[in-house]
Engineer: 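Have a look at the structure that comes next, please.
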There are 2 protein chains.
Amino acid sequence: MQKRVPVAPDAAHCSTCMLGHVCVPVGMAAAEVEKLDELVKERVRLEKGKMLYSLDHPLDAVYGVRFGSLKTQLEDSTGQIQITGFHLPGEIVGMDGMLDGKHVSAAIALEDSEVCVIRLTEVDRVATHLPSMQQQFRRLMSREITRSHQMLASLGSMRSEQRLAAFLLNLSQRYASLGYSSTEFVLRMSREEIGNFLGLTLETVSRLFSRFAREGLIKINQREVRILDLPALKQLLGHEGC
Amino acid sequence: MQKRVPVAPDAAHCSTCMLGHVCVPVGMAAAEVEKLDELVKERVRLEKGKMLYSLDHPLDAVYGVRFGSLKTQLEDSTGQIQITGFHLPGEIVGMDGMLDGKHVSAAIALEDSEVCVIRLTEVDRVATHLPSMQQQFRRLMSREITRSHQMLASLGSMRSEQRLAAFLLNLSQRYASLGYSSTEFVLRMSREEIGNFLGLTLETVSRLFSRFAREGLIKINQREVRILDLPALKQLLGHEGC
DNA sequence: CGGGTTATTGAAGGCTATCAACCAAAGTGG
DNA sequence: CCACTTTGGTTGATAGCCTTCAATAACCCG
């Protein structure tokens, strides 16, 4: 089901990984990052559509996306699904459900992907000779709390066009910080997944993409997006209801 | 602005606090909880409406609610506010914004309240002779991640009556785990605050309360709530759209 | 008691969901 | 290689939920 590959001695470690500025080492001093190299002992390769973990699976690690992208989703007792995030390289998934030691969500690859396995026991072990490790892990978890709080603001107070604009701008910014184009990228998720994530239907998402394109804000061809008028998109968020 | 009171030597510590089963010590062995007693060196007393921390304030501690209740809220560039949570005794606030070391939200007392100050430096110090402290702190942060993800599901996929029912059931359960009545309690927040939190207007909230009362699900008098038909409220959540 | 906040209730309208048809692309199998 | 199927996306018409605007009522605190 999953391909687990041990990290070869000469393979990339945290200290040499291109994602250091956004992943686990974010904000750490270079000298400290060196001590992270034994943190990841294993990686998992996932084909598109494969599950990294799912509801009720025991939780003993979190995962840093190395390449590709994932979605994380909750499933309630009636089978209703809610996507809680789309995750690009450098982002950490699996940080919910630690209270009871089992996952309360599922993580699924949107494309062929690979993640670094960060075992919690390794985190604790590394922390013994790298005191800032604890603080670092708190910062990573805090980042996820902040992210989901901001999503709450989006779902709670924005209308459909604002949500989709915010979604595009958010992706744009994240791709930019990975060194990719901030104006031209490929959506790895379907209209239905975007709609689920944003609390909209797939039809509304599709209509909005069409409208944004008609108004010259973006150019969209299937899942290829080009942002044409970034300021106008930003303006959609700010000064609308006041 | 705030009253900061040092914890007297004979005052209640974590090991003797009635909230142990839901607060920082949640799930820890009794022998370990004893070592938490030096974690909290200070408490803050807040009058109704006072701010515990606000946007951009430096973050060096998190706070456990000792009595009373708080709301936490984001504020965007246009002044638009989104309430991200209501917090009862035993719950921890202030765990966002650690990435940049300053708060990205504000916490405000809904009634006269008191919180325990948990300095991050103390967390780290306690962890040196209580190895499970790290794990414990991760679990607390994970609880907040899970909570906000579930809120996302509520805002993303439920209709107004379901959101309000879920809100009432959630409060009911939290009061129950504090040893209070699960069927009779006082809402500490206004209709407007409930609406903001649930992504609804205050009028919709008011109408729904009236309707629930008319249908015999609850009895409501201003902010006093009595739940009359718990099963029916639960049924509102489950089997609606399928 | 009185002024201001908070809550309730009504009517109208807009936004988004729902239902449905159609289209395009990508497989599938003969 | 071409019908056929499947999946994902677009677009239209309609209905309904919830917001908005507005007026009234209840409550609270000085």
Side-chain angles (χ1 to χ4, degrees), chain A residues 47-49 71 80-83 86 108 110-111 154-168 186-215 218-225 236-237 240-242, chain B residues 47-49 71 80-83 86 108 110-112 154-168 186-215 218-225 236 240-242:
Chain A
E47 290 170 20
K48 176 176 178 173
K71 64 173 174 180
Q80 173 80 273
I81 280 176
Q82 173 69 41
I83 295 175
F86 299 114
I108 297 166
L110 293 172
E111 59 189 311
S154 173
L155 291 185
S157 68
M158 290 181 183
R159 279 176 305 97
S160 60
E161 57 174 18
Q162 296 178 301
R163 291 186 208 176
L164 193 64
F167 175 73
L168 288 174
V186 175
L187 301 171
R188 294 304 180 179
M189 65 298 283
S190 69
R191 302 292 191 265
E192 182 172 19
E193 287 168 327
I194 296 172
N196 181 296
F197 180 56
L198 296 178
L200 304 169
T201 58
L202 68 94
E203 291 97 329
T204 299
V205 173
S206 177
R207 269 184 255 271
L208 285 169
F209 275 140
S210 300
R211 204 182 92 202
F212 284 175
R214 208 179 316 129
E215 292 169 348
I218 64 173
K219 193 166 178 305
I220 185 153
N221 188 334
Q222 294 293 111
R223 297 189 176 182
E224 293 165 21
V225 182
L236 268 184
L237 299 185
E240 206 66 20
C242 49
Chain B
E47 290 171 21
K48 176 174 176 172
K71 65 173 173 178
Q80 172 80 271
I81 279 175
Q82 173 69 41
I83 295 176
F86 299 114
I108 297 165
L110 294 173
E111 59 189 312
D112 290 357
S154 174
L155 291 184
S157 68
M158 291 182 183
R159 277 173 307 97
S160 61
E161 57 173 19
Q162 297 178 300
R163 291 186 209 177
L164 192 64
F167 175 72
L168 288 174
V186 175
L187 300 172
R188 295 302 179 180
M189 64 299 284
S190 69
R191 302 290 190 265
E192 183 172 18
E193 287 168 327
I194 296 172
N196 182 295
F197 180 55
L198 297 178
L200 304 169
T201 59
L202 67 94
E203 293 97 326
T204 299
V205 172
S206 178
R207 271 184 254 271
L208 285 169
F209 275 141
S210 300
R211 205 183 90 202
F212 284 176
R214 207 180 316 130
E215 293 169 347
I218 65 173
K219 194 167 178 306
I220 186 154
N221 188 335
Q222 293 294 113
R223 297 189 178 183
E224 293 165 21
V225 181
L236 268 184
E240 206 66 22
C242 49

Engineer: If I compare all heavy atoms of A/Ala165 with all of A/Leu236, which pair ends up nearest, and what's the gap?
Structural biologist: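 That would be CB-CD1, 4.0 Å.
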Engineer: Distance criterion of 3.5 Å, no angle test: do you see the side chain of B/Glu161 paired donor-to-acceptor with the base of D/dC17?
Structural biologist: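 No, the side chain and the base share no sub-3.5 Å donor-acceptor pair.
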Engineer: Quick check for you: among D/dT10, C/dT8, C/dC19, whose closest atom lies nearest to any side-chain atom of B/Leu202?
Structural biologist: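 Out of D/dT10, C/dT8, C/dC19, the nucleotide with an atom closest to B/Leu202's side chain is C/dT8.
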Engineer: Can any side-chain N or O of A/Arg163 pair as donor or acceptor with the backbone N or O of A/Leu198 at less than 3.5 Å?
Structural biologist: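 At least one qualifying donor-acceptor pair exists.
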Engineer: Starting at CZ of A/Phe212 and ending at P of D/dT10, how long is that distance when rounded to a whole Å?
Structural biologist: 13 Å
Engineer: For a quick test of reading the model: is some side-chain N or O of B/Ser210 closer than 4.0 Å to OP1 or OP2 of C/dT9?
Structural biologist: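 It does, given that an N or O in the side chain of B/Ser210 lies less than 4.0 Å from OP1 or OP2 of C/dT9.
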Engineer: Find the distance B/Glu111:CD to D/dC29:P and express it as a whole number of Å.
Structural biologist: 13 Å
Engineer: Just how far, in rounded Å, is C1' of D/dG16 from CZ of B/Arg159?
Structural biologist: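 Whole-Å distance recorded here is 10 Å.
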Engineer: B/Leu164 has an atom CG; how far is it from atom P of C/dT8, in whole Å?
Structural biologist: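 In whole Å, C/dT8 P and B/Leu164 CG are 11 Å from each other.
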Engineer: Give the angle between the helix axes at the two ends of the helix from C/dC1-D/dG30 to C/dG30-D/dC1, taking five base pairs at each end and rounding to 10°.
Structural biologist: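 Angle reported: 50°, given to the nearest ten degrees.
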Engineer: Without decimals, in angstroms, what is the distance between B/Leu187 CG and C/dT6 C1'?
Structural biologist: 13 Å
Engineer: B/Ser160 side chain N/O closer than 4.0 Å to the phosphate oxygens (OP1, OP2) of D/dC18?
Structural biologist: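 The answer is yes; a side-chain N or O of B/Ser160 sits under 4.0 Å from OP1 or OP2.
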Engineer: Closest approach to the side chain of B/Thr204, judged atom by atom: which nucleotide of D/dC18, C/dA17, D/dT11 is it?
Structural biologist: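 So the side chain of B/Thr204 is nearest to D/dC18.
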Engineer: Name the closest nucleotide to the A/Glu203 side chain, picking from C/dA7, D/dT11, D/dC18.
Structural biologist: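 In terms of side-chain proximity for A/Glu203, the closest of C/dA7, D/dT11, D/dC18 is D/dT11.
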Engineer: Counting the atoms with a prime plus P, OP1 and OP2 as sugar-phosphate, which does A/Thr201 contact under 4.0 Å by heavy atoms, base, sugar-phosphate, or nothing?
Structural biologist: base
Engineer: Determine: side-chain N/O of A/Arg207 to OP1/OP2 of D/dG9, distance under 4.0 Å, yes or no.
Structural biologist: no
Engineer: Among B/Val225, B/Ile220, B/Leu168, which one satisfies side chain to side chain contact (heavy atoms under 4.5 Å, CB included) with B/Phe212?
Structural biologist: B/Leu168
Engineer: Quick one: label B/Arg223 by what it contacts on the DNA or RNA (base, sugar-phosphate, nothing), any heavy atom closer than 4.0 Å.
Structural biologist: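 The residue B/Arg223 makes sugar-phosphate contact but no base contact.
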Engineer: Using atom CD1 of A/Ile194 as one end and atom P of D/dG8 as the other, report the distance to the nearest whole Å.
Structural biologist: 13 Å
Engineer: Calculate, to the nearest 0.5 Å, the distance between atoms CZ and CE belonging to A/Phe86 and A/Met189 respectively.
Structural biologist: 4.5 Å
Engineer: Please round to the nearest 0.5 Å and tell me the distance separating atom CG of B/Asp112 and atom NZ of B/Lys48.
Structural biologist: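 If we round to the nearest 0.5 Å, B/Asp112:CG and B/Lys48:NZ are 8.5 Å apart.
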Engineer: Under 4.0 Å between any heavy atoms, over every strand shown, what does A/Arg211 touch: base, sugar-phosphate, or nothing? Just pick one.
Structural biologist: nothing
Engineer: May I ask you to decide if B/Leu202's main-chain N or O and B/Ser206's side chain share a donor-acceptor pair within less than 3.5 Å?
Structural biologist: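 Looks like no, no N/O pair under 3.5 Å.
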Engineer: Rounded to the nearest 0.5 Å, what's the gap from CZ on B/Arg211 to CD on B/Glu215? Could you check?
Structural biologist: 5.0 Å
Engineer: For A/Arg191 and B/Gly199, find the nucleotide of DNA chain D closest to each by heavy atoms; which residue's nucleotide sits nearer the 5' end?
Structural biologist: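 The 5'-side residue here is A/Arg191.
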Engineer: From D/dT11, D/dT20, C/dA7, pick the nucleotide closest to the side chain of B/Gln222?
Structural biologist: C/dA7
Engineer: Give the rounded distance in Å between these two atoms: CG of A/Leu155 and P of C/dT16.
Structural biologist: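 Taking atom P of C/dT16 as the reference, CG of A/Leu155 is at 13 Å.
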Engineer: Please report, rounded to the nearest Å, how far the C1' atom of D/dG9 is from the CG atom of A/Leu208.
Structural biologist: 14 Å
Engineer: In terms of side-chain heavy atoms of B/Leu200, which of D/dG9, D/dT19, C/dT8 is nearest?
Structural biologist: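 Of all the options, the side chain of B/Leu200 is nearest to D/dT19.
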Engineer: How long is the straight-line distance from CZ of A/Arg223 back to OG of A/Ser190, given to the nearest 0.5 Å?
Structural biologist: 5.5 Å
